[in-house]
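In what follows, a structure is listed as structure tokens, so that the remarks can point back to it.
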Amino acid sequence: MLDMRYVRENTDAVRENIANRGVSVDLDALLELDAGRLVLLKEAETLRKERNEVADAMKSASKEERPGLIERGKKLKEDVVAKEKDLEIVEKGWREEALKLPNMTHPDTPVGKTDNDNRVIDTVGEIRKLENPRSHVELAQMHDLIDFERAAKVTGAKFYFLKGKLAILEQAMLTWAIREMAAEGYLPMTTPDLARDEVLVGVGFNPRGPEAQIYSVEGTDLSLIGTSEITLGGYHKDEILDEASLPIKFAGISHCYRTEAGAYGRESYGLYRVHQFSKVEMFVFCTPEQSEAIHMELRRLEERMFQKLEIPYQVVDICTGDLGGPAYRKFDLEAWMWGRGEGKGGYGEVTSTSNCTDYQARRLNVRLRRKDGTLDYAHTLNGTAISLARALIAVLENHQNEDGSINVPDVLRPYTGFDKIG
RNA sequence: GGAGAGGUGGCUGAGUGGUCUAAAGCAGCAGACUUGAAAUCUGCCGUAUCCAAAAGGUACCGUGAGUUCGAAUCUCACCCUCUCCGCCA
């Protein structure tokens with residue numbers, strides 16, 4: 001959500017931003033609705049004022065005056081109801097359109113249309129030389145680590161059972177990641193896996209409807225979360241945070257559920273695009289002054305996780321056309337995966353960090369009280385500490401040996417209790 | 001799941017149809033007194049929105065609908081909290 005006053009006063013900048021992001025928002029229609037809304041609002045308020053005056057006059061009215069005042073009051077009540085109905089209709093359209101407005105964009109964000117326009121800003125780590133690199137699916141088959149077929153029988157396509165040492169490896173990575181985050185001052189939080197639709201919308205997700213990537217629970221206003229960004233963002237909904245308490249840093253542990261409608265194909269192979277996975281997510285509430293530096297910190301922490309896992313990756317500055325609505329700027333980490341690029345290997349997204357500035361905070365109504373007593377909206381940021389499924393792919397494929405055995409990265413060995421698979 | 005009680009400003013808490021633009025206390029801010037602090041005294045002290053600003057208007061007492069000339073107050077539904085019972089890892 002953008003500040004409507006800002007939109008009114010900076011229409012050119014907003015228009016350019018909409019164009020850069022390739023979002024379908026009709027700004028002119030929105031501005032027209034906005035102007036119409038203000039007129040109706042004014043009219044409704046005038047009527048309500050008269051109604052209040054009549055009610056006020058009743059208090060001291062004589063017996064003779066009363067019937068006349070009651071008549072006026074009845075008439076005004078009808079007028080108010082009618083005017084409010086008009087206002088409600090305009091406001092509904094206005095709100096729908098206003099919610100579609102994406103966040104403004106960081107000046108350094110590359111302008112572009114698709115992920116081909118994303119800018120690689122760093123490449124780190126060395127890709128191991130392998131004669132016969134195997135995909136994680138092949139490796140899993142060799143060691144009986146994943147059962148997709150039975151998961152399909154039990155639940156459906158794009159679900160999986162992790163077996164044996166891979167199940168242990170997953171838990172090891174979760175525990176390791178949580179401890180890493182705690183050591184950095186991020187408060188570990190196990191969150192609900194479901195949230196109210198209201199919260200989903202506040203964080204910027206679309207819980208229902210044809211475009212939705214979210215599972216919703218029939219007969220309730222609950223949806224399965226696609227990331228704990230949702231529950232952590234909702235955590236301080238409708239609250240006023242004390243400036244001195246910021247930044248507030250969380251490391252959320254949750255399962256993540258995504259419908260991934262229509263996302264089948266080569267790039268969705270194996271564990272890469274699945275309907276359920278576990279994730280440790282960093283989430284930060286901070287002041288507007290802090291958010292830029294914290295975004296860099298989140299990126300640095302994400303990079304460090306993959307450095308410690310000894311997995312080569314590249315950092316990508318996401319272009320305007322590929323940014324989600326709430327993000328002001330977004331970096332992705334793409335790890336090397338041998339199973340991509342038709343067996344030759346390629347980079348695949350493993351983490352992502354966004355600075356959402358005050359966009360989510362406005363929708364969630366999260367404010368901060370300055371030391372001088374004034375109020376402002378907080379800034380929110382999120383970043384992936386570790387996302388299982390994809391991180392497992394990266395570990396399996398990068399730490400495989402020529403014989404198909406897989407070394408456990410050093411940092412995980414204390415948590416797995418074994419050094420090698422196979 | 002059943003029965004009961006309850007949700008009011010940053011906090012505690014009064015208020016059951018019209019001076020509620022919500023009592024009082026605590027906390028906070030400014031000032032007085034004081035060498036300084038405490039105590040005491042005085043004043044200020046919710047949010048959003050409209051207006052260039054001020055003045056002012058409108059809305060908000062868990063949420064939503066309703067009754068009424070008029071709703072924090074009455075009615076209904078929902079959400080949440082607490083107590084007890086049942087069930088249960």
Side-chain angles (χ1 to χ4, degrees), chain A residues 1-11 30-95 97-99 190-202 207 216-223 231 234-246 248 255 285 358-378:
Chain A
M1 175 103 92
L2 294 179
D3 182 357
M4 216 38 224
R5 271 177 303 187
Y6 175 86
V7 176
R8 280 177 217 137
E9 288 161 17
N10 300 276
T11 50
L30 174 61
L31 289 170
E32 204 169 301
L33 283 167
D34 184 55
R37 173 181 169 269
L38 285 185
V39 170
L40 284 170
L41 189 64
K42 199 112 214 163
E43 290 171 356
E45 287 186 353
T46 306
L47 288 170
R48 281 198 284 239
K49 183 185 174 194
E50 287 172 32
R51 179 198 62 191
N52 291 349
E53 282 165 357
V54 169
D56 215 43
M58 275 294 285
K59 292 177 202 164
S60 55
S62 65
K63 264 210 167 72
E64 296 78 53
E65 291 168 326
R66 280 172 181 255
L69 284 172
I70 289 176
E71 268 319 299
R72 272 192 66 196
K74 283 188 174 174
K75 177 75 177 60
L76 279 167
K77 180 161 69 168
E78 286 171 19
D79 294 347
V80 167
V81 167
K83 191 60 77 180
E84 283 177 344
K85 194 147 271 170
D86 293 346
L87 181 61
E88 199 180 310
I89 291 164
V90 172
E91 215 152 46
K92 187 164 179 278
W94 172 79
R95 192 180 312 280
E97 206 63 24
L99 279 174
T190 307
T191 90
D193 284 351
L194 294 104
R196 294 180 196 285
D197 291 343
E198 176 195 326
V199 174
L200 285 266
V201 171
S216 48
V217 181
E218 197 178 346
T220 73
D221 64 343
L222 295 174
S223 295
T231 40
Y235 190 76
H236 283 304
K237 180 169 147 53
D238 295 321
E239 291 186 28
I240 297 173
L241 308 172
D242 197 355
E243 183 178 10
S245 72
L246 301 175
I248 294 171
H255 295 108
F285 293 94
D358 62 356
Y359 189 89
Q360 290 176 328
R362 283 179 186 281
R363 295 165 73 125
L364 291 165
N365 192 29
V366 181
R367 287 173 295 172
L368 67 96
R369 188 180 297 284
R370 301 283 193 179
K371 292 189 183 84
D372 66 5
T374 58
L375 290 171
D376 203 348
Y377 283 101

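All chains are named by letter (A, B, ...) in the order of the sequence lines, taking the proteins before the strands, and each is independently numbered beginning at 1. For the numbers below, each heavy atom of this structure counts, side chains included, while hydrogens, waters and symmetry mates do not.
When rounded to the nearest whole Å, the span between CG of A:Asp56 and P of B:G18 equals 13 Å. Distance, A:Asp3 CG to B:C50 C1': 14 Å, rounded to whole Å. To the nearest angstrom, P of B:G70 lies 13 Å from CZ of A:Arg72. Distance, A:Ile70 CD1 to B:G18 C1': 12 Å, rounded to whole Å. Note: CG (A:Leu87) to C1' (B:U49) measures 12 Å, nearest angstrom. Following rounding to the nearest Å, A:Glu9 (CD) and B:A52 (P) show an atom-to-atom distance of 10 Å. Here B:A27 presents its P atom at 17 Å from CG of A:Asp242, a figure rounded to the nearest Å. With rounding to whole Å, A:Lys75 atom NZ is found 15 Å from B:C69 atom P.
In this structure, B:A5 and B:U81 make a Watson-Crick or G-U wobble pair, each of the two defining distances being under 3.5 angstrom. Nucleotide B:C29 forms a Watson-Crick or G-U wobble pair with B:G43, both donor-acceptor distances falling under 3.5 Å. Across all strands shown, B:U75 is found opposite B:A65 as a Watson-Crick or G-U wobble partner, with both distances under 3.5 Å. Of the nucleotides present, none pairs with B:A52 by Watson-Crick or G-U wobble criteria with both distances under 3.5 Å. As the counterpart of B:G17, no nucleotide is assigned, since no Watson-Crick or G-U wobble pattern has both distances under 3.5 Å. When both distances must be under 3.5 Å, the Watson-Crick or G-U wobble mate of B:G70 does not exist. The pairing partner recorded for B:A37 is none, the criterion being a Watson-Crick or G-U wobble arrangement whose two distances lie under 3.5 angstrom.
Taking 4.0 angstrom as the limit, A:Lys77 places a side-chain polar atom (N or O) nearer than this to OP1 or OP2 of B:G70.
Comment: A:Arg367 does not engage A:Asp376 in a salt bridge, judged by the lack of any side-chain N to carboxylate O separation of less than 4.0 angstrom. Salt-bridge annotation for A:Arg196 and A:Asp221: present, with a side-chain N of the basic residue lying under 4.0 Å from a carboxylate O of the acidic one.
Residues satisfying the ring pair (Phe, Tyr, Trp, His ring centres under 6.0 Å) test with A:Tyr359, not counting sequence neighbours, are none. Take A:Asp193 and apply the salt bridge (Lys or Arg N to Asp or Glu O under 4.0 Å) test, not counting sequence neighbours, and it matches no residue. For A:Tyr377, there are no ring pair (Phe, Tyr, Trp, His ring centres under 6.0 Å) partners, not counting sequence neighbours. The salt bridge (Lys or Arg N to Asp or Glu O under 4.0 Å) search around A:Lys92 returns A:Glu96, not counting sequence neighbours. Annotation: salt bridge (Lys or Arg N to Asp or Glu O under 4.0 Å) contacts of A:Asp56 (sequence neighbours excluded): A:Lys59. Residues meeting the salt bridge (Lys or Arg N to Asp or Glu O under 4.0 Å) test with A:Arg48, sequence neighbours left out: A:Glu84.
Distance check on atom P: B:A72 versus B:G17 gives 13 Å, rounded to whole Å. Comparing the same atom, C1', in B:A3 and in B:G70 gives a spacing of 37 Å after rounding to whole Å. Across the C1' atoms, B:G64 and B:A71 are found 15 Å apart, a figure rounded to whole Å. Taking atom P in both B:C11 and B:A23, one finds a spacing of 16 Å when rounded to whole Å. Straight-line distance between the P atoms of B:U68 and B:C29: roughly 49 Å, to the nearest whole Å. When the P atom is used for both B:U73 and B:U19, the distance is 13 Å, rounded to whole Å.
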Quiz item: Quick one: what's the B/S/- string for nucleotides 55-61 of chain B, heavy-atom cutoff under 4.0 Å, read 5' to 3'?
Solution: --BBS--

Quiz item: Reading nucleotides 77-82 of chain B from the 5' end, what letters show protein touch, with B for base, S for backbone sugar-phosphate only, - for no heavy atom under 4.0 Å?
Solution: --SS--

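Rounding to the nearest 0.5 Å places CD of A:Glu45 at 9.5 Å from CG of A:Leu38. Between A:Thr231 atom OG1 and A:Leu194 atom CG the span is 10.0 Å, to the nearest 0.5 Å. In this structure, the separation between CG on A:Asp86 and CD on A:Glu91 is 12.0 Å, given to the nearest 0.5 Å. Here CZ of A:Arg369 is found 11.0 Å from CG of A:Leu241. Values are rounded to the nearest 0.5 Å.
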Below 3.5 Å is the cut-off: list the nitrogen or oxygen pairs between protein and nucleotides 62-67 of chain B, distance only.
none

Between N or O atoms, less than 3.5 Å apart, protein on one side and nucleotides 87-89 of chain B on the other: list the pairs.
none

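Of the two residues contacting RNA chain B, namely A:Lys74 and A:Leu41, the nearest-nucleotide position lying further toward the 5' end is that of A:Leu41. With the nearest nucleotide of RNA chain B identified for both A:Arg37 and A:Gly73, A:Arg37 has the one nearer the 5' end.
For RNA chain B, the residues of residues 358-369 of chain A within the heavy-atom distance limit of 4.0 Å (strictly under) are A:Arg367, sorted by number.
Here the side chain of A:Thr11 pairs no donor or acceptor atom with the backbone of A:Arg8 at under 3.5 angstrom.
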List, one per line, each side-chain donor-acceptor pair under 3.5 Å for residues 67-78 of chain A, sequence neighbours excluded.
from    : atom 1 : to      : atom 2 : distance (Å)
A:Lys75 : NZ     : A:Asp79 : OD1    : 3.0
A:Lys75 : NZ     : A:Asp79 : OD2    : 3.0

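A:Leu2 approaches A:Arg362 most closely through the heavy-atom pair C-CD, 4.1 Å.
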Quiz item: Which is it for A:Leu364 and A:Asp238 under the side chain to side chain contact (heavy atoms under 4.5 Å, CB included) test, yes or no, and what are the steps along the way?
Solution: CA-CA 6 Å; A:Leu364 291 165; A:Asp238 295 321; over 6 Å; no

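Contact of the A:Leu375 side chain with the A:Leu368 side chain is not registered, since no non-hydrogen atoms from C-beta on lie closer than 4.5 Å.
Among the protein residues, A:Ile240 comes within range of no part of the nucleic acid, since none of its heavy atoms lies under 4.0 Å from any strand.
Looking at A:Ser216 and A:Ser223, their side chains never bring a donor and an acceptor atom within 3.5 Å of each other.
Nearest to the side chain of A:Leu375, among B:A48, B:C69, B:U49, sits B:A48.
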